[in-house]
Amino acid sequence: MTRDRRMMINTFFRYLVLIAVGLIMVYPLIWMVGASFKTNAEIFSGIGFLPKKPTLSGYQGALKGYGGDINIFKAMLNTYEIVISKVVFTITSATITAYGFARFQFKGKGIFFAILMSTLFLPQVVLNVPQFIMYNQFNWIDSPLYLALIVPTLFATDTYFVFMLIQFLRNIPKELEEAAKIDGCNSLKTLWHVIVPMLKPSIVSCALFQFMWSSNDFMGPLLYVNTPARYPASIFVKMSMDADAGFEWNRVLAMSMISIIPSLIVFFLAQKSFVDGIAAGGVKG
């Protein structure tokens, strides 16, 4: 057997395994799409994704409101009012913080960086009680502007993103910043005109992570949002499950499907930059 033929066979089997694993991973999503067109009885009759008797009752139920205060579209607007603000503030604060740690020398830098990294090992559940007490004293609970969910992102509280950007910054030559300084740029101008364009893949990755995590966040809105008209989609779907004595699972799946469509679109549009950012951030210079 020739070398080219062996390589062709090896490549074929590698792709075969990858396709098989990919189908296994994505099948739950495919099943959810099909199940949203099934009746409740058919959903539990097997694992096949094609409905035998397609019905739109799930989507018709998903479009209904609750108490006249909220429906799935209002819940999605609430969700992205939170998500977009968190994404913008997170990438801004994380970029500035990462730039400070990666490029400047100051007293106590090592200690501050160690403290920052140590927060990665602190479970969020440990912080829920003290944060709730503090935000309650600030009158941020059930704020129309979602202050308890949004304001903390102004202070680079997502340590993972800071660490990710610092790793990427280590691969950017300092000579570029020195050249910008010779041209008359101060630190902020250098950050905006030199560093940020080169950080774009990593910033896109941070934005996508924050977008997906915030869209799926359940505990935060559950703690800090009390008014039904302000519920995001994650709480709205759970509320709809509690609304009836018996669950209409096709309706729940239809609402879930509608709520994740924007996230899927955003992810697929930005997947190239996302992959580039993850790969570049993992290389230490």
Side-chain angles (χ1 to χ4, degrees), residues 15-84 86-87 149 207-223 225-272 274-275:
Y15 276 98
L16 184 64
V17 171
L18 288 173
I19 291 171
V21 173
L23 287 174
I24 293 172
M25 297 294 291
V26 81
Y27 186 78
L29 179 61
I30 297 174
W31 181 87
M32 185 176 75
V33 175
S36 65
F37 293 98
K38 296 179 179 180
T39 62
N40 272 0
E42 189 181 352
I43 287 175
F44 295 99
S45 64
I47 62 172
F49 68 92
L50 288 176
K52 297 176 182 178
K53 296 179 180 180
T55 176
L56 293 175
S57 61
Y59 287 93
Q60 291 169 350
L63 299 179
K64 292 180 182 178
Y66 291 90
D69 292 328
I70 192 169
N71 54 38
I72 185 62
F73 298 112
K74 179 68 166 61
M76 290 177 67
L77 287 176
N78 293 340
T79 297
Y80 295 110
E81 182 179 343
I82 299 170
V83 169
I84 293 174
K86 290 183 71 172
V87 167
L149 296 172
L208 277 176
F209 272 124
Q210 183 64 286
F211 187 93
M212 291 185 290
W213 292 347
S214 300
S215 298
N216 296 328
D217 185 24
F218 179 80
M219 185 58 68
L222 182 66
L223 289 173
V225 182
N226 299 328
T227 304
R230 300 190 190 120
Y231 282 158
S234 58
I235 301 295
F236 178 76
V237 172
K238 179 62 173 66
M239 181 178 70
S240 69
M241 293 173 65
D242 295 338
D244 301 322
F247 295 163
E248 296 178 12
W249 287 107
N250 56 357
R251 183 187 65 186
V252 174
L253 293 171
M255 281 191 291
S256 301
M257 193 66 219
I258 293 171
S259 64
I260 68 171
I261 287 175
S263 298
L264 291 175
I265 293 173
V266 169
F267 179 79
F268 283 115
L269 288 177
Q271 63 177 328
K272 185 178 185 301
F274 176 74
V275 173

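These figures come from a predicted structure and were not determined experimentally.
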Calculate, to the nearest 0.5 Å, the distance between atoms [atom1] and [atom2] belonging to [X] and [Y] respectively.
{"X": "Phe218", "Y": "Leu223", "atom1": "CZ", "atom2": "CG", "result": "9.5 Å"}
{"X": "Leu253", "Y": "Met32", "atom1": "CG", "atom2": "CE", "result": "7.0 Å"}
{"X": "Ile260", "Y": "Ile265", "atom1": "CD1", "atom2": "CD1", "result": "10.5 Å"}
{"X": "Ile84", "Y": "Thr79", "atom1": "CD1", "atom2": "OG1", "result": "10.5 Å"}
{"X": "Trp213", "Y": "Lys86", "atom1": "CH2", "atom2": "NZ", "result": "10.5 Å"}
{"X": "Phe73", "Y": "Asn78", "atom1": "CZ", "atom2": "CG", "result": "13.5 Å"}

Check [X] against [Y] and note the closest heavy-atom contact, atom names and distance.
{"X": "Ile235", "Y": "Pro221", "value": "CG1-CB, 3.7 Å"}
{"X": "Ile82", "Y": "Pro232", "value": "CD1-CB, 4.5 Å"}
{"X": "Ser256", "Y": "Val237", "value": "OG-CG1, 4.1 Å"}
{"X": "Ala35", "Y": "Asn250", "value": "O-CB, 4.1 Å"}

Could you tell me whether the side chain of [X] and the main chain of [Y] form a donor-acceptor pair under 3.5 Å?
{"X": "Thr55", "Y": "Thr39", "answer": "no"}
{"X": "Ser234", "Y": "Asp217", "answer": "yes"}
{"X": "Asn40", "Y": "Trp249", "answer": "yes"}
{"X": "Lys74", "Y": "Ala229", "answer": "yes"}

Could you walk me through whether Trp31 and Lys38 pass the side-chain contact (heavy atoms from CB on, under 4.5 Å) check?
CA-CA 11 Å; Trp31 181 87; Lys38 296 179 179 180; 4.0 Å; yes
For the pair Met25 and Val21, evaluate side-chain contact (heavy atoms from CB on, under 4.5 Å) and give the outcome as yes or no after the intermediate values.
CA-CA 6 Å; Met25 297 294 291; Val21 173; 4.2 Å; yes
Check: Lys238 and Leu222 side chains under 4.5 Å, non-hydrogen atoms
no
Quick one: does Met76's side chain get under 4.5 Å of Ile258's, heavy atoms only?
yes
What verdict does the ring-ring contact (aromatic ring centres under 6.0 Å, His included) test give for Phe49 and Phe37, after you've listed the backbone C-alpha separation in whole Å, the side-chain angles of each residue and the deciding distance to 0.1 Å?
CA-CA 10 Å; Phe49 68 92; Phe37 293 98; over 10 Å; no
Begin from the C-alpha positions of Tyr80 and Val87 and carry the test side-chain contact (heavy atoms from CB on, under 4.5 Å) through to its verdict.
CA-CA 10 Å; Tyr80 295 110; Val87 167; over 6 Å; no
As a test of understanding, state which of Arg251, Met257, Met255 forms a side chain to side chain contact (heavy atoms under 4.5 Å, CB included) with Tyr59.
Met257
More than 12 heavy atoms from other groups under 6.0 Å of CG on Leu18
yes
I would like to know whether Val266 and Leu208 meet side-chain contact (heavy atoms from CB on, under 4.5 Å); could you show each step before the answer?
CA-CA 8 Å; Val266 169; Leu208 277 176; 3.5 Å; yes
